[in-house]
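Reviewing the structure listed below.
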Amino acid sequence: MIWNPQVECASRKEIAALQLERFKASMAYTYENVPFYRQRMDAAGLKPEKITSIKDLERMPFTTKDDLRDHYPYGLFAVPMKKIVRIHASSGTTGRPTVVGYTKNDIKMWAELISRIACQAGATDEDIAQIAFGYGLFTGAFGLHYGLENMGVTVIPMSSGNTERQIKIMQDFGSTMLISTPAYALYMAEVARQMGVRPGIDVKLRLGMFGGEGSTEQMRSEIMKSWKIFATENYGLSEIIGPGVSGECTALCGMHLAEDHFIAEIINPETGKVLPLGETGELVLTTITKEGLPMIRYRTKDITYLSDEPCACGRTSMRMAKVQGRSDDMLIIRGVNVFPSQIEEVLLAMEEVGPHYEIILTRQGYMDRLEVRVEVLDAALLDSFAALEKLQNKIHTNLRAMLSIDAKVTLVEPNTLRRFEGKAKRVIDMRDAQN
Ligand code: DLL
């Protein structure tokens with residue numbers, strides 16, 4: 001089923017016309033309501049009433065995570081707080097998260113976009129969806145929740161973690177859909193196996209919608225095989241809306257972009273130059289219907305390419321290829337965005353450890369593991385097991401408070417970690433090598 005055929009199957013010409021109309025209105029709205037963008041439009045000599053083409057967008061500078069951080073928490077909102085009905089947040093490059101706000105209309109629009117990607121995946125109102133994304137500031141769980149309800153799916157708001165219980169609930173409640181990060185879906189399959197639960201016999205799962213982090217085709221086929229389900233990949237980011245920006249249909253040939261709400265550009269991440277359709281570069285997104293937090297040319301840092309080739313499903317929107325990586329140093333660990341600078345901030349704030357550390361990422365089974373190795377300043381500390389354990393726990397707690405994930409903390413003697421003459425390479429990511 002196609003959720004909104006009028007829009008999803010519109011001709012490319014109709015899509016372009018709709019985008020231009022909404023782009024003009026959104027630029028005028030943003031000029032009026034966000035001083036930061038008004039200044040930028042004035043500096044670019046771009047008067048909203050003079051906009052005649054989507055190409056005019058290229059006259060605007062990019063918006064980055066830093067801009068959001070500099071206006072923390074609500075400085076880029078376009079409406080007074082009484083109009084904001086929901087707040088979410090994701091990691092920023094330092095301790096400050098990126099805060100996003102939604103009006104009632106934004107929440108409605110978001111739910112519509114999720115209904116769209118759920119239909120694309122093959123969901124129907126007969127489905128029972130187990131949401132195993134973490135409920136909280138992360139946009140994954142609440143985003144999917146409202147959109148699935150919107151189309152009549154029964155939602156089980158499980159949240160993430162507590163894996164054996166997830167599997168028990170899946171059996172008892174007859175879940176037919178699983179919503180999680182791809183890595184968690186694989187981990188759950190492992191636990192199910194250990195519990196002696198037989199997919200296809202003891203559980204009724206038939207469909208999975210995954211996202212929030214990248215996954216390989218190999219991971220997808222492993223998920224499909226181990227759970228005996230069909231699986232789609234879905235993409236999004238909080239700054240733009242959350243999940244719902246794009247998602248695969250059953251043809252599994254790229255993620256359909258919601259072009260009636262977002263304008264996508266691909267740029268060369270080094271020069272900022274816009275690249276022709278089909279070339280690989282960084283995805284830049286502009287919202288054209290958002291009320292709470294409109295974004296103009298937001299640099300996602302995600303590397304991908306776009307295609308407007310017709311799709312077998314009949315939808316006409318541009319499709320986005322799997323994200324190939326990021327143009328910054330953000331790590332995605334078990335679906336959580338982590339900047340190395342956040343880890344550094346925690347370590348530098350502690351007087352017992354020095355500035356030399358390493359971040360090691362591995363994958364055990366399908367679960368990402370984060371280890372932080374750091375040199376203590378005083379080697380004598382390592383002689384006392386009690387003192388060592390106390391410090392390890394303290395660092396673990398502080399990292400957890402900053403990142404919301406658990407890290408293994410290893411304390412090492414002074415002068416034992418690698419030193420660098422050029423750029424420090426503190427992140428050792430062995431996850432892909434282990435796949
Ligand atoms: O991860 C939104 C989301 C939730 C999308 C659930 C899909 C499903 P943030 O926490 O703001 O939002 O993180 C956004 O995650 O810029 C990408 O780097 C990465 N990301 C999200 N989905 C994918 C994906 C949500 N399918 C950041 N493939 C983005 C690769 C992804 N990376």
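Note that the coordinates shown come from a computational prediction; the quantities given were computed from them, not determined experimentally. Heavy atoms only: backbone and side chains are in, while hydrogens, waters and symmetry mates are out.
The one candidate from Val100, Thr139, Val245 that meets the side-chain contact (heavy atoms from CB on, under 4.5 Å) condition with Ile240 is Val245. Looking at Ile395, Leu331, Leu403, Leu348 one by one, the single match for side-chain contact (heavy atoms from CB on, under 4.5 Å) with Ile343 turns out to be Leu403.
For Ser404, there are no side chain to side chain contact (heavy atoms under 4.5 Å, CB included) partners, not counting sequence neighbours. In terms of the side chain to side chain contact (heavy atoms under 4.5 Å, CB included) criterion, residue partners of Lys301 (sequence neighbours excluded) are, by chain and number, Glu282, Arg299, Arg326, Ser327, Asp328. With sequence neighbours left out, the salt bridge (charged side-chain N to carboxylate O under 4.0 Å, His left out) criterion links Glu213 to no other residue. Tyr74 pairs by the ring-ring contact (aromatic ring centres under 6.0 Å, His included) definition with Phe77, not counting sequence neighbours. Checked against salt bridge (charged side-chain N to carboxylate O under 4.0 Å, His left out), Arg400 has the following partners two or more places apart in sequence or in another chain: Asp406. For Thr271, the side chain to side chain contact (heavy atoms under 4.5 Å, CB included) partners are Asn268, Lys273, not counting sequence neighbours. For the salt bridge (charged side-chain N to carboxylate O under 4.0 Å, His left out) test, residues two or more places apart in sequence or in another chain that qualify with Arg373 are Glu358, Glu371. Considering only residues two or more places apart in sequence or on other chains, Pro5 meets the side chain to side chain contact (heavy atoms under 4.5 Å, CB included) condition with Ile2. Glu309 is linked by a salt bridge (charged side-chain N to carboxylate O under 4.0 Å, His left out) to nothing, counting only residues two or more places apart in sequence or in another chain. Partners of Asp429 by side-chain hydrogen bond (donor to acceptor under 3.5 Å, both in side chains), not counting sequence neighbours, listed by chain and number: Arg431.
Glu344 and Tyr357 share a side-chain donor-acceptor pair at under 3.5 Å. Side chain to side chain, Thr289 and His261 meet the donor-acceptor criterion of an N or O pair below 3.5 Å. Side-chain contact of Asp106 with Thr103: a donor-acceptor pair under 3.5 Å is present, judged by distance alone.
Rounded to the nearest 0.5 Å, atoms CD (Gln218) and CD1 (Ile223) are 11.5 Å apart. In this structure, CZ in Arg40 is found 6.5 Å from CE in Met60, a value given to the nearest 0.5 Å. Between the CE atom in Met318 and the CD1 atom in Ile263 there is a gap of 10.5 Å [rounded to 0.5 Å]. One distance of note links CG of Leu207 with OG of Ser175; it measures 12.0 Å at 0.5 Å rounding. With rounding to the nearest 0.5 Å, the separation of CD in Glu239 from CE in Met295 is 7.5 Å. Taking CG of Leu178 as the reference point, atom CD1 of Ile128 lies at 13.5 Å (rounded to 0.5 Å).
For Lys322, the NZ atom is densely surrounded, since the number of other residues' heavy atoms within 6.0 Å is greater than 12. Within 6.0 Å of CD in Glu58 there are more than 12 heavy atoms belonging to other residues, nucleotides or ligands.
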Expected list for residues 29-36: side-chain donor-acceptor pairs under 3.5 angstrom, two or more places apart:
{"from": "Tyr29", "atom 1": "OH", "to": "Glu291", "atom 2": "O", "distance (Å)": "2.7"}
{"from": "Thr30", "atom 1": "OG1", "to": "Ser26", "atom 2": "O", "distance (Å)": "2.6"}
{"from": "Tyr31", "atom 1": "OH", "to": "Asp42", "atom 2": "OD1", "distance (Å)": "2.7"}
{"from": "Tyr31", "atom 1": "OH", "to": "Asp42", "atom 2": "OD2", "distance (Å)": "3.4"}
{"from": "Tyr31", "atom 1": "OH", "to": "Lys47", "atom 2": "NZ", "distance (Å)": "3.4"}
{"from": "Asn33", "atom 1": "ND2", "to": "Tyr29", "atom 2": "O", "distance (Å)": "2.8"}

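Checked against the 6.0 Å centroid criterion, the rings of Phe62 and Tyr298 do not qualify as a close aromatic pair.
Using a 4.0 Å cut-off between charged side-chain N and carboxylate O, Asp127 and Arg206 make a salt bridge. A salt bridge links Arg116 to Asp260: at least one charged side-chain nitrogen sits closer than 4.0 Å to a carboxylate oxygen.
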For this session: Apply salt bridge (charged side-chain N to carboxylate O under 4.0 Å, His left out) to the pair Arg315 and Glu259, showing each step before the final yes or no.
Result: CA-CA 12 Å; Arg315 292 178 184 84; Glu259 285 180 280; over 6 Å; no

Problem set entry | side-chain hydrogen bond (donor to acceptor under 3.5 Å, both in side chains) between Tyr37 and Thr63, intermediate numbers included | CA-CA 10 Å; Tyr37 280 128; Thr63 305; 2.7 Å; yes

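Across all their heavy atoms, Gly45 and Arg59 have their closest contact at O-NH2, 2.9 Å.
Evaluation of the ring pair (Phe, Tyr, Trp, His ring centres under 6.0 Å) test over residues 142-162, restricted to residues two or more places apart or in two chains, returns His88-Phe142, Tyr135-Phe142, Tyr135-His145.
Here the side chain of Glu8 pairs a donor or acceptor atom with the backbone of Asn4 at under 3.5 angstrom. Looking only at distances, a side-chain donor or acceptor of Gln130 sits under 3.5 Å from a matching main-chain atom of Gln166.
For the pair Arg334 and Tyr184, the cation-pi criterion (under 6.0 Å, within 45° of the ring axis) is not fulfilled.
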